[in-house]
*Asks:* 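My questions will all concern the structure given below.
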Amino acid sequence: MIRTHLIDALRSALARSGVGPLPATIEIGRPARPEHGDWSTNVALVCARAAGRNPRDLAGELVEHISADPPAHLRTVEVAGPGFVNFFLDDGWLHDVLRQVVAEGTGGYARSDFGAGTAVNVEFVSANPTGPLHVGGGRWAAYGDSLCNILARCGFVPHREYYLNDRGRQMDAFAESLVARKQGAEPPTDGYHGDYISEWVAEMPDGADAREWGYARARRDVAESLARLGVTFDTWSSERALVDSGAVAATLETLEGRGATYRADGAVWLRIDGAPDVVGTSDSAAGDNRRGRGRRGAAGGAISPDAPDDGHRRPRPDPTTPGSDAARTAGDGSAGRGGDRVLVRSNGEPTYLLPDIAYHADKLARGFDLLIDVWGADHHGHVAPLTTGVCALGHRREQLEIVLGQLVTVMRGGAEAKISKRAGNLVLLDDLVDLVGADAARMTFLLQSLASRQTIDLDVAAAQSMENPVFYVQYAHARICSLMATAAERGTTRPPLEEVALDLLADPRELEVLRSLHALGDVLAEAARERAPQRLTTWARQLAGAFHGFYHDCPVLRSDIEPPLAAARLWLAEAARIGLVIALDLLGVTAPERMETLDRDATEGGAE
RNA sequence: GCCCCCGUAGCUCAGGGGACAGAGCAGGGGACUUCUAAUCCCAAGGCCGCAGGUUCGAAUCCUGCCGGGGGCGCCA
């Protein structure tokens, strides 16, 4: 609202100053320092060169024009620094924010439609169905689910999808491990050695097909763990079903027909161009240019602890050169023949790559405009082969966006807990949820950027869960609810907003809450564009902080507070509540009316 | 060797072209007869890894280096 008014004023001032053509977007922002006004713009700096003007002179001219025809709420406008134009407004613009928040409510405030109905398929977690989810899986789950929430609020139509690699070597090894344990033997060395294998085998009926039974068991386990975090999927896609449907064979045919493949060593290879990754490369249609985050797949964890991976791999027999391209290097770290990858092994079995290409083609065929994959950094080498394959089928690169995220490290007992589904020293997502609860777990995962490695210390999580910011934010919400309840008890009802004198809200603490609320729309748009839910977490903490400050300094129901002021403050609290509910809901965290843990601790404290 | 991510306060991390750099925790000092003190306030703490470059302006973009993590299979 206020922004468009100011931008309009700037635009006409620029026109009157003879600046043209006008810049595509006029940037206007809220400066960090109050001396720089309520709003500030750099247009004069940006336009000066092209207009052949001195930035400060141009800014001065803009100020004159704007002062002559001031937009609503303008008090003064001035030139500052190298040529900024700073606007100083009366508090009314913030009171307008309060009205808007209340009018639009939890369902409508800070909603936008720049997604324009884009159907976006977000694939995340996708851990192999060979065991329970470990802690790291929770990070992708929390990320993917909240990202979908945020996208939806910005006008996208998200679809949550989980891809099950339910065929191939890993499934074989899993089945073999179950069978071995069933017979009282050790699983094969490349099999799965976790305790859960023994536990699950105890449930497995005699005569059951270990592969089918184990798959169903694992899948159920994964779904239950995710549900505890509040994450559910619209679609669970099966790699095996895709193969059985013939889609994989058809994909291979198309790739071969388009000359994207060649045969060597009895295998079918996909030619990799060494093209840059989708992620971190130039732009998609939406103008996105972000770095990678995310992860996909199985055990993942901090390291790959399994034996053969120590950099001392036996030298492969040198690729002789049946194809034409053997000498080429891929430039992306993928190996194989100069970076090329096998689609079909010499034994006739497809690798995971071919079905994966077919799978992404299938998603696009289902009508999605955009695919977002959330993968772990340990799958980075798979980015180029997959995107190459998908593009070779004729799809646009911008349709597939792969978000790479750094892995989760778990500390326990002061040391790093190694995570390996196969080696058996799992730290399960369920363990974390048991320890801190679903809310704290989700908020913790969404505290930082996916591009940063996350360390979760289970001892800290268990012993000092109160340190978690989730409580700070939830407490703000609970305080508001408590305030409202007390008001009701005392018969202090909120008059209709139109009858309330909002201009009584002039305390810095009050205005800070409103400023924070105003920012939500921008924050959500940024979070959606950058695929960065942690921005919303940061905002929620900020709003909670602003509210706690208000609560501390601005009594509402105290006897010396005049009713008109009390009413205005109650409405302010209501607006803050709306903001907190929106944010917590998008983050997948509950907004409790009272803090149970606080009650409990108080009781315990009193007992001692 | 090549590819990706990270390097910001003692610790964990926000910020990711704008004007003197932000929070939590730890540590120092203060505020509860009051709407829940899981709160609030004050002080302290920084060559934003290093060096160049682009720009009116760089923690932010580019290049190189250093340090940490990950990846480089006819595993997924």
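Naming convention: chains lettered A, B, ... in sequence-line order (proteins, then strands); numbering from 1 in each chain.
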*Asks:* On RNA chain B, nearest-nucleotide positions of T455(A) versus V342(A): which is more 5'?
*Replies:* T455(A)
*Asks:* Give a yes/no answer on whether the side chain of Q542(A) brings an N or O atom under 4.0 Å of OP1 or OP2 in rA14(B).
*Replies:* no
*Asks:* Identify the heavy atoms of M171(A) and R211(A) that sit nearest to each other, and give their distance.
*Replies:* CB-NH2, 3.5 Å
*Asks:* Select one nucleotide: of rU39(B), rC35(B), rC41(B), the one nearest the side-chain heavy atoms of R509(A).
*Replies:* rC41(B)
*Asks:* Scan S482(A) against the nucleic acid and name what it touches under 4.0 Å (heavy atoms): base, sugar-phosphate only, or nothing.
*Replies:* base
*Asks:* Side chain of Q448(A): nearest nucleotide among rA14(B), rA38(B), rC75(B)?
*Replies:* rA14(B)
*Asks:* Kindly say if R453(A) contacts the phosphate of rG7(B), meaning a side-chain N or O under 4.0 Å from OP1 or OP2.
*Replies:* no
*Asks:* Would you classify A80(A) as touching base, sugar-phosphate or nothing, given that sugar-phosphate means primed atoms plus P, OP1 and OP2, and contacts are heavy atoms under 4.0 Å?
*Replies:* base
*Asks:* How would you list, by chain and number, every residue that makes a salt bridge (Lys or Arg N to Asp or Glu O under 4.0 Å) with R490(A), sequence neighbours excluded?
*Replies:* none
*Asks:* By the 4.0 Å heavy-atom rule, please label S559(A) as base, sugar-phosphate, or nothing.
*Replies:* nothing
*Asks:* Any idea which heavy atoms bring P592(A) and H477(A) closest together, and the distance?
*Replies:* O-ND1, 2.8 Å
*Asks:* Would you confirm whether D340(A), through its side chain, and R271(A), through its main-chain N or O, come within 3.5 Å as a donor-acceptor pair?
*Replies:* no
*Asks:* Is there aromatic stacking of F471(A) against rA38(B), centre distance under 5.5 Å, plane angle under 30°?
*Replies:* yes
*Asks:* Please find out if less than 6.0 Å separates the ring center of Y475(A) from that of Y472(A).
*Replies:* no
*Asks:* Please map the stems of RNA chain B, keeping only stretches of three or more Watson-Crick or G-U wobble pairs with both distances under 3.5 angstrom.
*Replies:* B:1-7 with B:66-72, B:10-13 with B:22-25, B:28-31 with B:39-42, B:49-53 with B:61-65
*Asks:* Using the closest heavy atom to pick a nucleotide of RNA chain B for each, name whichever of E27(A) or E239(A) lands nearer the 5' end.
*Replies:* E27(A)
*Asks:* Are H36(A) and the base of rA19(B) stacked, counting only ring centres nearer than 5.5 Å and planes tilted under 30°?
*Replies:* yes
*Asks:* For the side chain of S452(A), starting at C-beta, report the closest nucleotide among rA76(B), rG18(B), rC13(B).
*Replies:* rC13(B)
*Asks:* Going by distance alone, is a donor N or O of one side chain under 3.5 Å from an acceptor N or O of the other, for Y143(A) and Q534(A)?
*Replies:* no
*Asks:* Name the closest nucleotide to the T486(A) side chain, picking from rC40(B), rU36(B), rC5(B).
*Replies:* rU36(B)
*Asks:* How about Y359(A) and Y163(A): are their ring centres within less than 6.0 Å of each other?
*Replies:* yes
*Asks:* The side chain of Y472(A) is closest to which nucleotide in this list: rU36(B), rC40(B), rA76(B)?
*Replies:* rC40(B)
